[in-house]
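For reference, the structure is listed below as structure tokens.
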There are 2 protein chains.
Amino acid sequence: MQITSKFTAAVHILTCIDIFDGQMRVTSDVLSGSTGVNAVIVRNVLGQLRTAGIVETRQGSGGAHLAKALDEITLYDIYKAVDCVDDEGLFHFHENPNVECPVGRNIHKAMDGRLEAAQEALENELKSTTLAQVVADTRKIIEEE
Amino acid sequence: MQITSKFTAAVHILTCIDIFDGQMRVTSDVLSGSTGVNAVIVRNVLGQLRTAGIVETRQGSGGAHLAKALDEITLYDIYKAVDCVDDEGLFHFHENPNVECPVGRNIHKAMDGRLEAAQEALENELKSTTLAQVVADTRKIIEEE
DNA sequence: AAAGTTGTAACTTCGCTTGTTTCAACTTTC
DNA sequence: GAAAGTTGAAACAAGCGAAGTTACAACTTT
């Protein structure tokens with residue numbers, strides 16, 4: 001099992017927008033070309049990022065722009081925006097533990113806190129990284145090529 | 001996307017083995033009854049846990065037993081045993097970034113370290129929790145019922 | 001008015017997770 | 001040693017979600 005590639009695609013998309021905005025009109029077609037992700041999927045991702053207040057797009061005119069400063073966008077913001085995990089959480093509990101069994105009816109309670117803590121550890125790490133860092137690294141690697 | 005329920009099922013299974021071993025023969029049927037998970041799946045999970053050196057099972061005789069002390073089994077050991085994530089890692093990178101594009105051919109390098117750090121944060125949290133803690137909590141909740 | 005772009009819905013494809021069926025190999029018990 | 005119960009494993013089916021695809025209305029710019 002893996003976290004949807006929409007997440008890495010979204011980071012890629014935002015990095016492109018930052019780097020190419022001003023030089024060209026960054027349309028969903030351009031972004032599809034760079035990411036290798038279908039243009040409709042790109043537009044879906046852009047839609048989710050727009051809902052989250054991370055980018056600005058408009059029908060007709062074409063070209064996406066960042067709606068926030070790079071260092072105000074964390075990887076967690078992006079991860080949340082593209083719905084990597086739903087309300088159920090990262091871990092999928094087996095669905096029919098037997099309530100007739102003392103373990104079956106209590107295992108959920110015994111585990112939930114620990115599963116949440118693990119998920120939180122992941123998310124805190126994502127919160128501590130900003131898009132500014134990723135873009136800076138990308139620019140640096142490009143310059144060193 | 002979610003981490004396979006085999007993980008929580010495995011923890012449930014191990015908890016049952018610890019609590020019921022001695023009182024009854026803890027067969028895959030018994031475990032299937034408590035977890036609500038198909039008995040064949042239970043046997044698969046037990047097989048993975050056996051490969052990892054966490055439980056002992058034998059053909060014919062029936063009944064699983066723990067192969068280690070409770071406090072020597074971490075949630076991470078179980079998570080690894082049941083193959084929650086493969087070698088690719090927890091995050092799924094979009095597969096065809098365009099190497100003609102400076103961002104496309106470098107985004108992987110720019111992100112990989114940070115994705116690994118996030119995954120590690122999750123796994124470290126799982127490493128810090130032992131089955132002993134989960135079983136202790138489960139017993140406590142049962143007593144308080 | 002024409003051309004290009006976004007937003008969205010409906011459908012398809014593919015792979016993964018879980019369940020199911022089946023059966024050989026093994027152990028215990030009578 | 002035969003019967004009953006259990007494990008291990010393979011093969012197949014069903015269901016679900018991710019990603020791609022097609023199609024088109026709404027919008028902007030020229």
Side-chain angles (χ1 to χ4, degrees), chain A residues 1-10 12-13 17 21 24-33 35-52 55-65 67 79 82-88 90-97, chain B residues 1-10 12-13 17 21 24-33 35-52 55-65 67 79 82-88 90-97:
Chain A
M1 93 81 224
Q2 294 187 302
I3 288 175
T4 170
S5 63
K6 276 165 71 181
F7 173 60
T8 58
H12 184 153
I13 284 169
I17 293 175
D21 198 5
M24 67 177 80
R25 200 155 49 125
V26 188
T27 65
S28 59
D29 250 15
V30 169
L31 292 167
S32 174
T35 57
V37 173
N38 187 280
V40 176
I41 309 291
V42 169
R43 289 203 286 272
N44 285 342
V45 171
L46 282 173
Q48 291 180 300
L49 294 172
R50 178 167 38 82
T51 301
V55 299
E56 284 170 358
T57 60
R58 274 166 58 214
Q59 264 191 339
S61 64
H65 309 279
Y79 158 95
V82 300
D83 265 338
C84 285
V85 300
D86 56 26
D87 304 334
E88 307 274 308
L90 182 59
F91 294 93
H92 182 191
F93 222 93
H94 52 296
E95 305 197 346
N96 303 303
Chain B
M1 91 81 223
Q2 294 188 301
I3 288 175
T4 169
S5 62
K6 276 166 69 180
F7 173 62
T8 58
H12 184 154
I13 285 169
I17 294 175
D21 198 3
M24 66 178 81
R25 201 155 48 123
V26 188
T27 65
S28 59
D29 251 13
V30 169
L31 292 168
S32 174
T35 58
V37 173
N38 186 282
V40 176
I41 308 289
V42 169
R43 291 203 286 273
N44 285 342
V45 171
L46 283 172
Q48 292 181 298
L49 294 171
R50 176 167 37 82
T51 301
V55 299
E56 285 169 357
T57 59
R58 275 165 58 215
Q59 264 192 339
S61 65
H65 309 279
Y79 158 94
V82 300
D83 265 338
C84 285
V85 300
D86 56 27
D87 304 333
E88 307 274 307
L90 181 59
F91 294 92
H92 182 193
F93 221 93
H94 52 297
E95 304 197 346
N96 303 304

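Every chain is numbered from 1 and lettered A, B, ... according to where its sequence line falls, protein lines coming before strand lines. Both backbone and side-chain heavy atoms feed into the values below; hydrogens, waters and symmetry mates do not.
Across dA9(C), dA9(D), dT7(D), the shortest atom-to-atom separation from the side chain of Val40(A) is found for dA9(C). Listed nucleotides dT6(C), dT22(C), dT6(D) differ in distance to Arg43(A); the shortest reach to its side chain belongs to dT6(C). The listed nucleotides are dT7(D), dT6(C), dT20(C); the one nearest the side chain of Ser28(B) is dT7(D). Considering only the side chain of Ile41(B), dT20(C) comes nearest among dG20(D), dT6(C), dT20(C). Listed candidates were dT6(C), dA19(D), dG8(D). Nearest to the side chain of His92(B) is dA19(D). Proximity note for Arg25(B) (side chain, C-beta onward) versus dT5(C), dG5(D), dT18(C): the nearest is dG5(D).
Pair check for dA10(D) finds dT21(C); Watson-Crick or G-U wobble, both atom distances under 3.5 Å.
Distances shorter than 4.0 Å separate none of the side-chain N or O atoms of Asn38(B) from OP1 or OP2 on dT18(C). Side-chain nitrogen and oxygen atoms of Arg50(A) include none within less than 4.0 Å of the OP1 or OP2 phosphate oxygen of dT6(C). For the OP1/OP2 pair of dA19(D) and a distance below 4.0 Å, the side-chain nitrogens and oxygens of Thr4(A) include at least one atom meeting the criterion. OP1 or OP2 of dG7(C) sits under 4.0 Å from a side-chain N or O of Thr57(A). Neither OP1 nor OP2 of dA18(D) sits under 4.0 Å from any side-chain N or O of Ser5(A).
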Q. What does nucleotides 25-30 of chain C look like as a protein-contact string, B for base, S for sugar-phosphate only, - for none, at under 4.0 angstrom between heavy atoms?
A. -BSS--
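Not one N or O on the side chain of Arg50(A) forms a donor-acceptor pair closer than 3.5 Å with the backbone of Arg58(A). No donor-acceptor distance shorter than 3.5 angstrom exists from the side chain of Ser32(A) to the backbone of Ser28(A), with no hydrogens or angles considered.
When heavy atoms are screened at a 4.0 angstrom cut-off, Asn44(A) is found touching base atoms of the nucleic acid.
Atom CG of Leu49(A) and atom P of dG7(C) are 11 Å apart (whole Å).
Put simply, CD1 on Ile17(A) and CG on Leu31(A) are 5.5 Å apart, with the number rounded to the nearest 0.5 Å.
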